[in-house]
Amino acid sequence: MIDRDMTEIPAPASAGQSGRKPVVRFAPSPTGYLHIGGARTALFNWLFAKHSGGTFLLRIEDTDRERNSEAAVAAILDGLKWLGLDWDGEPVSQYARAERHRAVADEMLARGRAYRCYSPPSEIEAAREAAKSEGRAQIFESPWRDRAQGEAPAGVKPAIRLKSPRTGETVVTDHVQGTVTFPNKDLDDLIIVRSDGNPTYNLAVVVDDHDMGVTHIIRGVDHLTNAARQTQIYQAMDWAVPEFAHVPLIHGPDGAKLSKRHGALGVEAYRAMGYLPAALRNYLVRLGWAHGNDEVISTEQLVAWFGLDGIGKSPSRFDYAKLTDLNGHYIRTTSDTELVRRIEDILPEIEHGAAMADKLAAGGRDKLIAAMPGLKERAKTLLELIDGAQYLFASRPLQLDDKAKALLDAGARATIAGLVPRLEAVGTWTAAELEAAVRGYAEAGNLKLGKVAQPLRAALTGRAVSPPVFDVMADIGRVEAMARLRDQAA
RNA sequence: GCCCCGUUCGUCUAGAGGCCUAGGACGCUCGCCUCUCACGUGAGCAACAGGGGUUCGAAUCCCCUACGGGGCGCCA
């Protein structure tokens with residue numbers, strides 16, 4: 001009878017509707033790095049908070065002591081910082097609040113909304129197996145639910161279970177999933193405190209979210225069923241149920257679930273691949289959220305536009321091609337000095353980064369900045385940017401790649417040889433003067449500009465692709481340019 | 001097995017009964033621009049999972065099927 005009534009009591013006025021500023025949180029478990037799905041969840045929470053002038057809190061779900069590591073926590077915080085998702089206050093350790101969680105469990109016991117269960121795990125396992133083989137729902141019905149505590153066997157440490165309603169239904173009103181109804185008969189009495197006295201996840205989450213004043217819970221759909229169980233805990237404590245938004249998951253490129261060995265890289269991996277945080281933010285938010293046909297959306301615009309109603313219900317796949325395209329856009333629109341800073345930031349974590357760092361420190365930094373306008377136009381990642389800049393720092397004699405070698409045949413070398421005197425005669429070593437000189441040479445020899453420019457490019461950069469050759473010459477300077485040309489002349 | 005959720009171009013999506021001969025973006029193909037590549041730009045290929053309803057009218061509402069995903073822990 002009590003159970004029935006409980007389901008009919010309208011949910012307490014939702015905290016999110018009380019007019020207070022929203023409070024959201026991102027609550028990762030420290031089992032590894034900040035993976036891409038978690039990053040998007042954090043992004044959604046952050047955007048929601050920024051949009052509404054609310055608060056974005058961080059809580060580390062470290063109640064499982066066997067799966068906890070300080071390194072993992074550090075990696076997650078690092079990832080969030082790099083992504084630009086700043087949180088309010090200090091991160092909360094869930095484990096540190098275990099006393100409070102136990103106190104709440106005790107109160108539920110006192111209220112008759114929880115009970116001690118003495119069934120050993122083996123018994124529970126057997127019951128589940130039986131249910132499975134008989135094709136029934138695998139829920140465990142503890143014999144201790146209605147048994148007098150006096151019957152407790154001596155020497156057995158009990159777990160504490162929620163006395164959840166047996167009839168009726170639990171309704172989760174979700175901003176993304178809509179109204180989802182769970183028959184209570186399908187939800188068993190979940191354990192809220194383990195027999196060793198440690199609170200379990202579902203209890204801890206509810207207590208913490210309540211104590212932290214969380215008004216909106218935005219997380220992955222894999223928590224949808226938990227939302228129902230957690231709702232029952234809120235109701236057992238007569239606490240206001242927060243608003244929910246369960247966002248669909250991100251799958252790998254092949255549609256399979258994103259797992260750690262299957263594309264679910266930590267955000268630091270994307271950093272090392274040369275992606276910009278702004279680009280990753282833009283890409284990630286579009287995975288599941290849309291604002292009409294807008295694609296390239298600045299973070300400011302995102303904050304202004306973001307809302308839970310823009311989130312779709314179906315899962316999406318991670319697509320590097322689109323991320324990379326977006327990244328190229330952000331690279332082109334980022335300032336030259338900022339790009340050089342970004343490059344310096346990732347040098348320590350990439351191959352040959354140390355050598356590059358030495359070159360930059362030895363005066364190469366200014367050269368890099370000067371060449372950046374031509375470089376960033378043709379790079380989609382910082383790695384490509386670094387690769388494209390190699391001609392600035394290469395030492396003579398230049399290593400020629402295959403295409404450059406093919407370009408520098410006998411005729412081409414003769415062309416360069418013929419050009420050398422003209423270039424020596426150039427007054428001021430600027431791209432404009434150089435272009436005039438080369439064009440004059442081409443016209444005099446009745447050659448198409450490309451016939452001269454390509455050999456030049458090959459001799460100057462060792463490659464068939466580079467920024468405009470005249471800029472290249474200006475970038476590396478008169479002495480170095482002439483030396484490289486003489487190396488390949490005739 | 002049981003409970004939930006989903007399904008629009010290859011991918012991300014717009015679309016909330018007529019505005020849809022279904023739009024945008026990435027990718028791809030073919031051009032233009034051009035000293036290369038890239039940028040930019042023009043054109044093209046390409047989708048409402050299938051079947052039943054409801055309605056004057058359905059990508060949009062309902063039902064069934066198929067497929068996909070999530071959950072079913074003294075994990076989080």
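Below, chains carry the letters A, B, ... as their sequence lines are ordered, and counting in each starts from 1.
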Look at all strands and tell whether A/Pro467 reaches a base, only sugar-phosphate, or nothing, counting heavy atoms closer than 4.0 Å.
-> base
Where the side chain of A/Arg317 is defined as all heavy atoms beyond and including C-beta, which of B/rU36, B/rU11, B/rC4 is the nearest nucleotide?
-> B/rU11
Short N-O contact, A/Asp188 and A/Arg145, less than 4.0 angstrom = no
Protein N or O to nucleotides 41-46 of chain B N or O, pairs below 3.5 Å:
none

The nucleotide from B/rG23, B/rA38, B/rC35 with an atom nearest the side chain of A/Arg457 is B/rC35
Residue pair A/Asn226 / A/Tyr201, side-chain donor-acceptor N/O under 3.5 Å | no
Figure out the CG/C1' separation between A/Asp471 and B/rC39, and round it to whole Å.
-> 14 Å
Shortest non-hydrogen contact from A/Gly312 to A/Val176?
-> O-CG1, 3.6 Å
Does A/Arg286 make a side-chain N or O approach to OP1 or OP2 of B/rA25 shorter than 4.0 Å?
-> no
Which nucleotide in the list B/rC3, B/rA76, B/rC37 gets nearest to the side chain of A/Val465?
-> B/rC37
hbond_proxy A/Asp222 side chain to B/rG71 base (donor-acceptor, 3.5 Å cutoff) | no
For atom CG of A/Leu460 and atom C1' of B/rC35, their distance in whole Å = 12 Å
Quick one: label A/Val180 by what it contacts on the DNA or RNA (base, sugar-phosphate, nothing), any heavy atom closer than 4.0 Å.
-> sugar-phosphate
Between A/Lys185 and A/Asp196, name the one whose nearest nucleotide on RNA chain B is closer to the 5' end.
-> A/Lys185
Could you check whether A/Gly288 gets within reach of a base, just the sugar-phosphate, or nothing at all, counting any heavy atom under 4.0 Å?
-> sugar-phosphate
Between the base of B/rC5 and the side chain of A/Lys313, is there any donor-acceptor pair under 3.5 Å?
-> no
Any strand, both distances under 3.5 Å, Watson-Crick or G-U wobble: B/rU7 pairs with B/rA66
Indicate, with a heavy-atom threshold strictly under 4.0 Å, whether A/Glu295 touches base, sugar-phosphate, or nothing.
-> base
Interatomic distance, A/Asn184 CG vs B/rC4 C1' [rounded to whole Å] | 14 Å
In terms of side-chain geometry, is the basic nitrogen of A/Lys376 or A/Glu338 positioned less than 4.0 Å from the acidic oxygen of its partner?
-> no
May I ask you to say whether A/Arg439 pairs ionically with A/Glu443, meaning some side-chain N is under 4.0 Å from a carboxylate O?
-> no
Output yes when at least one side-chain N/O atom of A/Lys380 is less than 4.0 Å from OP1 or OP2 of B/rC39, else no.
-> yes
How long is the line joining CG of A/Asn226 and P of B/rC4, in whole Å?
-> 16 Å
Rounded to whole angstrom, note down the C1' distance from B/rA47 over to B/rG10.
-> 10 Å
Partner of B/rU34 under the Watson-Crick or G-U wobble criteria, both distances under 3.5 Å, comes out as none
Tell me which nucleotide among B/rG27, B/rG24, B/rU36 gets nearest to the side chain of A/Asp325.
-> B/rG27
Among B/rG70, B/rC5, B/rC74, which nucleotide sits nearest the side chain of A/Ile191?
-> B/rC74
Answer with base, sugar-phosphate or nothing: what part of the nucleic acid does A/His246 contact at a heavy-atom distance below 4.0 Å?
-> nothing
Hey, is the side chain of A/Ser195 pairing donor to acceptor with the base of B/rC74 inside 3.5 Å?
-> yes
Do A/Arg378 side-chain and B/rC39 base share a donor-acceptor contact under 3.5 Å?
-> no
Below 4.0 angstrom, N of the basic side chain to O of the carboxylate: do A/Arg97 and A/Glu99 qualify?
-> no
B/rG68 and B/rA49, which share atom name C1', separated by this distance in whole Å = 11 Å
From B/rC26, B/rC74, B/rU11, pick the nucleotide closest to the side chain of A/Ala159?
-> B/rC74
Considering only side-chain heavy atoms of A/Ser29, which listed nucleotide, B/rA76, B/rC35, B/rU13, is closest?
-> B/rA76
May I have the distance from A/Ile311 (atom CD1) to B/rU13 (atom C1'), rounded to whole angstrom?
-> 14 Å
Among B/rU13, B/rC74, B/rC35, the one nearest A/Pro121 by side-chain distance = B/rC74
With sugar-phosphate meaning primed atoms plus P, OP1 and OP2, does A/Ala290 contact a base, only sugar-phosphate, or nothing at under 4.0 Å between heavy atoms?
-> sugar-phosphate
Stacked pair A/His291-B/rA14, distance under 5.5 Å, angle under 30° | no
Listed nucleotide nearest any side-chain atom of A/Thr200, set B/rA25, B/rA76, B/rU11 | B/rA76
Considering only NZ, NE, NH1 and NH2 on the basic side and carboxylate oxygens on the acidic side, decide whether A/Lys185 and A/Glu169 come within less than 4.0 Å.
-> no
A/Glu443 CD to B/rC35 C1', in whole Å, measures 14 Å
Looking for any heavy atom pair under 4.0 Å, which part of the strands does A/Ser142 touch: base, sugar-phosphate only, or nothing?
-> nothing
For atom CD of A/Gln454 and atom P of B/rU34, their distance in whole Å | 16 Å
Atom-pair distance (CZ on A/Arg219; P on B/rG70), nearest Å = 17 Å
Salt-bridge contact A/Asp189-A/Arg166 (side-chain N to carboxylate O under 4.0 Å) | yes
A/Thr31 vs B/rA76: side-chain N/O to OP1/OP2 distance below 4.0 Å = no
Which is true for A/Ser466 with a 4.0 Å heavy-atom rule: it touches a base, it touches only sugar-phosphate, or it touches nothing?
-> base
Does A/Ser314 put a side-chain nitrogen or oxygen below 4.0 Å from OP1 or OP2 of B/rC5?
-> no
Looking across every strand, which nucleic acid part, if any, lies under 4.0 Å from A/Arg463 by heavy atom: base, sugar-phosphate, or nothing?
-> nothing
At under 4.0 Å between heavy atoms, what does A/Tyr283 touch on the DNA or RNA strands: base, sugar-phosphate, or nothing?
-> nothing
